[in-house]
Amino acid sequence: AMLLTEDYQLIEFPSVLLPKGVVLGSVVNIDVGRDRGAEQRQRNEFRELQEQILVDFGTKQPKAPVIRVGHTTQTWTVLEWEPLDLAAAELRSLHLYRDGQRMMQSMPSSLEVANSVLAIKTSGLDVDHEYEFKIEMRTSAGTLFSNAVTIRTHSLENLSGVCVCFGECESQEEIENMKETVKRIGASWTDRVSMNVTHFVARYKAGPGCETALRYNIPIVKPDWLLACEANGKLQPAIKYYLD
């Protein structure tokens, strides 16, 4: 609608805002005022938003990963890390370095997975050898490196890294006898299959523990393997004692 002021100025005005019954020649009064209270509220809200953006994106920065050595054996080690703190950044990728060289190691692809598993197992290491490891973390805010940790794999005579889990056997008495053997050779045992288990000892391939061991690629060996380790005083190849 076109309105004509007293000084003959034309104003284009939305017709939906005119009172009902207005026709050509009708006189209407329009009152326009400044809402200073609303202006102040908007300025306050905008200032609070800027301060929050500064806190979230300007003062908080991603923290470098902190790693430590977990379980170590003759040929592999477990590297653990503290929950990753990326502030407002996004995780792009994680990479493992061994002795300064980037490894083709499978690493968590998301922050949720990384902060869920909190560990990886890296294998293919030489017996009785020293290695240095660190983790590279690439984020949307830059690249950060963890602290470096040094490990030494065990010699064949050092069985302290051996950790066994027992499956289906002839009797509970047999399992108890094997536990005593584990103690004598300086190794350890656990009731739950995990990343730290080196061997799954059983007479029969059955049960959920056996299935988990297969999924983790843990060698499933006969009890004779434990006896051979004790008799020879050093770690024996598992391939000779695989449970068919």
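Keep in mind that what you see is a predicted model, and the values were worked out from it rather than measured. Note that the numbering runs from 1 along the sequence shown for the chain.
Counting non-hydrogen atoms of other residues, nucleotides and ligands closer than 6.0 Å to CD of Gln101 gives a total of 12 or fewer. Counted within 6.0 Å of CD on Gln40, heavy atoms from surrounding residues, nucleotides or ligands total more than 12; the atom is thus considered enclosed. When the shell of 6.0 Å around CG of Leu4 is examined, it contains more than 12 heavy atoms from other residues, nucleotides or ligands. In the displayed structure, Gln50 atom CD is contacted under 6.0 Å by more than 12 heavy atoms of other residues, nucleotides or ligands.
Atom-to-atom distance recorded for Leu144:CG and Glu136:CD is 9.5 Å, nearest 0.5 angstrom. Leu214 contributes atom CG, which lies 8.0 Å from atom CD of Glu211 (distance to the nearest 0.5 angstrom). In this structure, CG on Leu91 lies 7.0 Å from CE on Met137, to the nearest 0.5 angstrom. Distance CD1/Ile218 to SG/Cys163: 9.0 Å, rounded to 0.5 Å. Put simply, SG on Cys165 and CG on Asn196 are 12.0 Å apart, with the number rounded to the nearest 0.5 Å. Between the CZ atom in Arg215 and the OG1 atom in Thr212 there is a gap of 4.5 Å [rounded to 0.5 Å].
Taking each heavy atom of Val193 and Tyr216 in turn, the nearest pair found is CG1-CD2, 4.1 Å. A pairwise comparison of heavy atoms in Ala202 and Gly167 identifies CB-CA, 3.9 Å as the closest pair. Of all the heavy atoms in Ile220 and Cys210, the pair that sits closest is CD1-SG, 3.6 Å. For Ser146 against Ile67, the heavy-atom pair with the smallest separation is OG-CD1, 3.6 Å. The shortest heavy-atom contact between Arg192 and Val197 is O-CG2, 3.8 Å. Minimum heavy-atom separation, Ala206 to Glu168: O-CG, 3.6 Å.
In this structure, Phe166 and Arg203 have side chains that are not in contact, with every pair of non-hydrogen atoms separated by 4.5 Å or more. Using a 4.5 Å cut-off on side-chain heavy atoms (C-beta onward), His154 and Ser160 make contact. The shortest side-chain heavy-atom distance between Val162 and Thr73 does not fall under the 4.5 Å cut-off. Considering only heavy atoms from C-beta on, Thr77 comes within 4.5 Å of Phe133 through its side chain. For the pair Trp81 and Ile135, the minimum side-chain heavy-atom distance is below 4.5 Å. Thr198 has its side chain out of reach of Gln74: every pair of non-hydrogen atoms, C-beta onward, lies at least 4.5 Å apart.
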Residues 221-232, side-chain donor-acceptor partners within the protein, below 3.5 Å, at least two apart:
| from | atom 1 | to | atom 2 | distance (Å) |
| --- | --- | --- | --- | --- |
| Trp225 | NE1 | Gln236 | O | 3.0 |
| Glu230 | OE1 | Arg184 | NH2 | 3.4 |
| Glu230 | OE2 | Arg184 | NE | 2.6 |
| Glu230 | OE2 | Arg184 | NH2 | 3.4 |
| Asn232 | ND2 | Ala228 | O | 2.8 |

In a table with atom names and distances, give each donor-acceptor pair under 3.5 Å that connects a side chain of residues 113-128 to protein atoms at least two apart or in another chain.
| from | atom 1 | to | atom 2 | distance (Å) |
| --- | --- | --- | --- | --- |
| Asn115 | OD1 | Leu84 | N | 2.7 |
| Asn115 | ND2 | Leu84 | O | 3.3 |
| Lys121 | NZ | Met195 | O | 3.1 |
| Thr122 | OG1 | Gln105 | OE1 | 3.4 |
| Asp128 | OD1 | Arg152 | NE | 3.1 |

Return all side-chain donor-acceptor pairs below 3.5 angstrom for residues 6-31, not counting sequence neighbours, or 'none' if the list is empty.
| from | atom 1 | to | atom 2 | distance (Å) |
| --- | --- | --- | --- | --- |
| Asp7 | OD1 | Thr5 | OG1 | 2.3 |
| Ser26 | OG | Val23 | N | 2.9 |
| Ser26 | OG | Val23 | O | 3.0 |

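At a threshold of 4.5 Å between side-chain heavy atoms, the hydrophobic network of Ile, Leu, Val, Met, Phe, Trp and Tyr places Met178 and Leu235 in one connected group. One hydrophobic cluster, built from ILVMFWY side chains closer than 4.5 Å, cannot hold both Ile151 and Trp76; they sit in different ones. No continuous path of ILVMFWY side-chain contacts below 4.5 Å connects Leu243 to Ile175, so the two sit in separate hydrophobic clusters. Val78 and Tyr131 end up in different hydrophobic clusters when Ile, Leu, Val, Met, Phe, Trp and Tyr side chains are linked at under 4.5 Å. Connection of Val66 to Val69 is not established within any shared hydrophobic cluster, with ILVMFWY side chains joined at heavy-atom distances below 4.5 Å, either directly or through further cluster members.
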Item to complete: Using the side-chain contact (heavy atoms from CB on, under 4.5 Å) rule, take Trp189 and His199 through it: C-alpha gap first, then chi angles, then the decisive distance, then the call.
Response: CA-CA 10 Å; Trp189 59 271; His199 299 79; over 6 Å; no
Item to complete: For the pair Tyr97 and Phe145, evaluate ring-ring contact (aromatic ring centres under 6.0 Å, His included) and give the outcome as yes or no after the intermediate values.
Response: CA-CA 10 Å; Tyr97 282 74; Phe145 282 91; 5.7 Å; yes
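Formation of a donor-acceptor pair under 3.5 Å by the Thr153 side chain with backbone atoms of His129 is found in this model. Proximity of a side-chain donor or acceptor of Thr190 to a complementary backbone N or O of Val164 within less than 3.5 Å is not detected.
In this structure, Lys179 pairs ionically with Glu176, as a charged nitrogen and a carboxylate oxygen lie closer than 4.0 Å. Between Lys63 and Glu82 there is no salt bridge, since none of the side-chain N atoms of the basic residue sits less than 4.0 Å from a carboxylate O of the acidic one.
Evaluated for a side chain to side chain contact (heavy atoms under 4.5 Å, CB included) with Glu39, the options Arg43, Gln42, Arg41 yield exactly one hit, Arg43.
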